[in-house]
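These values consider heavy atoms only, across backbone and side chains, with no hydrogens, waters or symmetry-generated copies. To find a chain, count down the sequence lines: A is the first, B the second, and so on, and within it residues start at 1.
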There are 2 protein chains.
Amino acid sequence: MPDELASKIVAAKSTKRATKQLIYEHALRLFATRSYAKTGLRDIAQAVGVEVASLYTHIDGKNALLFDLMDYGTRDLLQRLTSAIEDVGPDPLARLYALVREHVAVTCRRQNQTLVAFNEIRELNTQQRDKIIPLREEIENLYIAAVEDAIADGRMRPVNVRVTVYGILAMGRGVATWYRPDGPLTPEQVGSEYADQVLRGLLTTASLARFGDEPIELTDLLDTTRGEPGHRNP
Amino acid sequence: MPDELASKIVAAKSTKRATKQLIYEHALRLFATRSYAKTGLRDIAQAVGVEVASLYTHIDGKNALLFDLMDYGTRDLLQRLTSAIEDVGPDPLARLYALVREHVAVTCRRQNQTLVAFNEIRELNTQQRDKIIPLREEIENLYIAAVEDAIADGRMRPVNVRVTVYGILAMGRGVATWYRPDGPLTPEQVGSEYADQVLRGLLTTASLARFGDEPIELTDLLDTTRGEPGHRNP
DNA sequence: ATAACACTATCATCTGTTCGGTTGCTTCGA
DNA sequence: TCGAAGCAACCGAACAGATGATAGTGTTAT
């Protein structure tokens, strides 16, 4: 039976890395769907196809596993958002739009990551939390900076920045609870819809005028030389 | 010692009701702060000042306790929102404004209620969930109806209604995670701020024009005879 | 041979829940 | 008015089940 042999060799060759990977993947999925508390190490072991004790070859315990997932997820999001605003340049409106769109899109694509990262914070101990919170604050600050700059240059109304940003973040986060990848909407469509509404909610009427009632798109904001509405079809 | 006697009588007379009340109050607080899973019946018993076994005189078990809290919280919110839209009449814009403001304000005032109702859903079994979900859908439908009506009469842009409403709901829900009653903002202020931004995000530019850059207030929407901005001080 | 991996068996601990018994207030008949 | 019965609240003790974690022992690949 060469097949069996082959699979054994393959399984053996990639055992370590593959198993560790599998543990993280299944743990993330189970934590996201059933919650951390209701997911036992036995559930994870069974999903991976291994005995409970074997998990400890790859992880330092259930709690450390959760922390790793949350740490990775938060860093991943932060990095994606950072590079998103770098791509669109310094304009605060474009930055805010890009932030919201990318944030929502990532939330759609990495649903479980988002769900775990934001639902299971209370399961971490103080030291673990102290490592995650600064990352979250960095994300917050990206939004705060964008909104503050846009207010400073007069294109956004002088809203309460923190309250506003918390609202935006909660909205983005909430996407993870209802988005279905097999549904009619792509991550980018959802992201653009929210970005459009967020900007409209904050812009001054004067700055809003040029956009009309058609959805604001990122290209409208990148075109800094001239802002003229209403020629969206080729 | 008449005081002692009096307090004994009072304590005895109100024992049952008071203890049950205390159980619900402390359970709600603990579930909200530490989560349902990490809160043991022993924690609740200790907080109430009673032994664990005594809890079962008043409740049918930990799970039933959670369900009661969630059921009450969700019904309470639904009822408040329903009467809020009744107060402002049939206009969909006024209704949406009132919904958001009241929803956020209630979320601030009943923080723990909101946190438990939306964080611990996964701890319910299927039959319990099936009793809560219709209540949530009723709440959703209040928003959906308001947005759809406003779109139908041309005052709101034709957005994706469900996506929009889910965003609003998530935003409102998120308030429970950061609002501090001892902070500088009243529940109504936060509610008004969000309601203002939500409406601006959805209105057509034509409908938005009359409001200018000053925050939209509910009175602006109730005054149906004439809409004139900018006379807000007496 | 060695190191990495996985298994069996077992542990202490914590969980929600139950049972039997005690207390003390209330009710009611004599 | 008095005392016995009834009752609801409470408690100590214990239990069965599940949990995360460990020790020791193969087993495999390099």
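Note: CG (A:D60) to P (D:dG20) measures 16 Å, nearest angstrom. At whole-Å resolution of the value, CG in A:L55 and C1' in D:dT19 are 13 Å apart. Going from atom CG of B:D43 over to atom C1' of C:dT15 covers 11 Å, rounded to whole Å. Per the geometry, CG belonging to A:L41 stands 6 Å off C1' belonging to D:dG20, to the nearest Å. Following rounding to the nearest Å, A:N63 (CG) and D:dT19 (P) show an atom-to-atom distance of 16 Å. The NZ-C1' distance, from A:K62 to D:dG20, rounds to 8 Å in whole Å. Rounded to whole angstrom, the span from the CZ atom of B:F67 across to the P atom of C:dG16 amounts to 19 Å. Rounded to an integer number of Å, the gap from CD1 of A:I44 to P of D:dG20 is 8 Å.
Using a 4.0 Å cut-off on heavy atoms, none of the residues of residues 123-131 of chain A approach DNA chain C.
The ring pair (Phe, Tyr, Trp, His ring centres under 6.0 Å) search around B:F31 returns B:Y36, not counting sequence neighbours. Remark: B:Y97 engages no residue in a ring pair (Phe, Tyr, Trp, His ring centres under 6.0 Å) (not counting sequence neighbours). Applying the ring pair (Phe, Tyr, Trp, His ring centres under 6.0 Å) criterion to B:Y166, with sequence neighbours excluded, gives A:W178. The side chain to side chain donor-acceptor pair (under 3.5 Å) search around B:R200 returns B:D196, not counting sequence neighbours.
Here A:H58 reaches the OP1 or OP2 of C:dA6: one of its side-chain N or O atoms lies under 4.0 Å away.
The neighbour count for B:E137 CD, taken as heavy atoms of other residues, nucleotides or ligands under 6.0 Å away, is above 12. Atom CG of A:D60 has 12 or fewer heavy atoms from other residues, nucleotides or ligands within 6.0 Å.
A donor-acceptor contact closer than 3.5 angstrom is absent between the side chains of B:N63 and B:E123. Between the side chains of B:Q189 and B:E193, no donor-acceptor pair of N or O atoms lies under 3.5 Å.
Electrostatic pairing of A:D43 and A:R34 counts as a salt bridge here, judged by a charged N lying under 4.0 Å from a carboxylate O.
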Please tabulate the protein-to-nucleotide N/O contacts below 3.5 Å involving nucleotides 7-11 of chain C, giving atom names and distances.
from: C:dC7; atom 1: OP2; to: A:E51; atom 2: N; distance (Å): 2.7
from: C:dC7; atom 1: OP2; to: A:S54; atom 2: OG; distance (Å): 2.8

